[in-house]
Amino acid sequence: METTSTAHDFLPIIFQVIVALGFVVVTLFATHFLGPKRKTKDKLSTFEAGVKSVGNARQPFSIKYFLVAILFVLFDVEVIFMYPWAVNFRELGWNGIIEMFIFMGTLLLGFIYILKKKALDWN
């Protein structure tokens with residue numbers, strides 16, 4: 001049996017998208033026009049992460065913070081893959097357990113590599 005969709009079937013979705021976009025537009029305009037407009041020297045000055053801008057922007061800096069952030073995202077995304085495995089644990093059986101041990105072993109090898117390279121040392 002073949003089902004066909006008509007434009008009438010998509011009206012609730014289209015209505016929800018219009019309401020959501022309308023809410024965003026109305027909120028942006030309302031805050032712009034109704035909000036206070038106090039332009040002070042402090043508000044107009046350049047501000048970056050709590051540190052005052054001084055000197056040349058081309059000075060070298062340590063990338064340790066960014067490296068740790070990237071590693072966190074990498075391992076966080078890999079841990080997300082464990083959730084579907086845990087949900088389907090019983091259906092996957094021994095094959096699923098073996099595959100997860102291989103996956104966890106790969107993660108452990110990557111973590112050991114990171115520790116050997118001292119990527120997590122802040123000094």
Side-chain angles (χ1 to χ4, degrees):
M1 176 174 235
E2 189 175 314
T3 59
T4 57
S5 297
T6 62
H8 182 1
D9 297 331
F10 292 101
L11 282 178
I13 296 170
I14 294 170
F15 180 71
Q16 183 177 5
V17 168
I18 290 171
V19 168
L21 290 175
F23 177 75
V24 169
V25 170
V26 167
T27 303
L28 286 174
F29 279 113
T31 56
H32 180 69
F33 289 118
L34 299 176
K37 294 174 182 52
R38 295 183 206 113
K39 295 182 180 179
T40 62
K41 180 183 172 191
D42 288 335
K43 283 189 177 182
L44 296 175
S45 65
T46 307
F47 181 79
E48 180 66 35
V51 179
K52 290 199 179 257
S53 313
V54 179
N56 188 2
R58 303 285 179 224
Q59 64 188 7
F61 61 93
S62 175
I63 63 164
K64 292 287 186 180
Y65 173 78
F66 300 106
L67 184 61
V68 170
I70 289 170
L71 291 173
F72 171 76
V73 169
L74 177 72
F75 282 106
D76 192 43
V77 168
E78 289 175 348
V79 168
I80 290 172
F81 285 118
M82 292 180 200
Y83 180 74
W85 173 78
V87 170
N88 298 317
F89 176 73
R90 293 181 193 262
E91 295 152 10
L92 295 174
W94 283 103
N95 194 21
I97 292 174
I98 293 169
E99 289 175 357
M100 185 50 72
F101 278 135
I102 292 171
F103 180 70
M104 293 296 291
T106 307
L107 282 178
L108 184 62
L109 286 175
F111 187 65
I112 291 170
Y113 175 78
I114 288 169
L115 290 177
K116 294 268 186 197
K117 288 289 187 177
K118 299 189 187 282
L120 299 176
D121 290 343
W122 286 89
N123 295 327

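Any value given below was found using the heavy atoms of this structure, including those in side chains, with hydrogens, waters and symmetry copies removed. These numbers were taken from a predicted model, which means no experiment stands behind them. Start at 1 with the first residue, then count along the sequence.
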When you look at CE of Met104, are more than 12 heavy atoms from neighbouring residues, nucleotides or ligands closer to it than 6.0 Å? no
Report whether Ile70 and Leu115 are members of the same hydrophobic cluster (ILVMFWY, side-chain heavy atoms less than 4.5 Å apart, transitive linking). no
Leu67, Ile112: one ILVMFWY side-chain cluster at the under-4.5 Å cut-off? no
Shortest non-hydrogen separation from Lys37 to His32 and the atoms involved: NZ-O, 2.9 Å
Are Leu107 and Phe81 packed together at the side-chain level, in the sense that at least one heavy-atom pair is separated by less than 4.5 angstrom? no
Distance col, row Leu71:CG vs Phe75:CZ, nearest 0.5 angstrom, shows 6.5 Å
Would you say Ile18 and Leu28 are hydrophobically clustered, going by side-chain heavy atoms of ILVMFWY under 4.5 Å? no
When you group the ILVMFWY residues by side-chain heavy-atom contacts below 4.5 Å and let the links chain together, are Leu21 and Phe15 in the same group? no
Phe29 and Phe33 aromatic ring geometry - parallel, tilted or perpendicular at 30°/60° bounds: parallel
Would you say that Phe101 contacts Ile98 through its side chain, given a criterion of any heavy-atom pair below 4.5 Å between the two side chains? no
Taking atom NZ as the centre, does Lys41 end up with more than 12 heavy-atom neighbours from other residues, nucleotides or ligands that are less than 6.0 angstrom away? no
Looking at CG of Leu92 and CE of Met100, how far apart are the two atoms once the value is rounded to the nearest 0.5 Å? 8.5 Å
Report whether Val77 and Val87 are members of the same hydrophobic cluster (ILVMFWY, side-chain heavy atoms less than 4.5 Å apart, transitive linking). no
Can you see which heavy atom on Phe89 is nearest to which on Ile97, and at what distance? CE1-CG1, 3.8 Å
Could you tell me whether the side chain of Glu78 reaches within less than 4.5 Å of the side chain of Phe103, counting heavy atoms only? yes
Do you know which two heavy atoms are closest between Asp9 and Thr4, and how far apart they sit? OD2-O, 4.0 Å
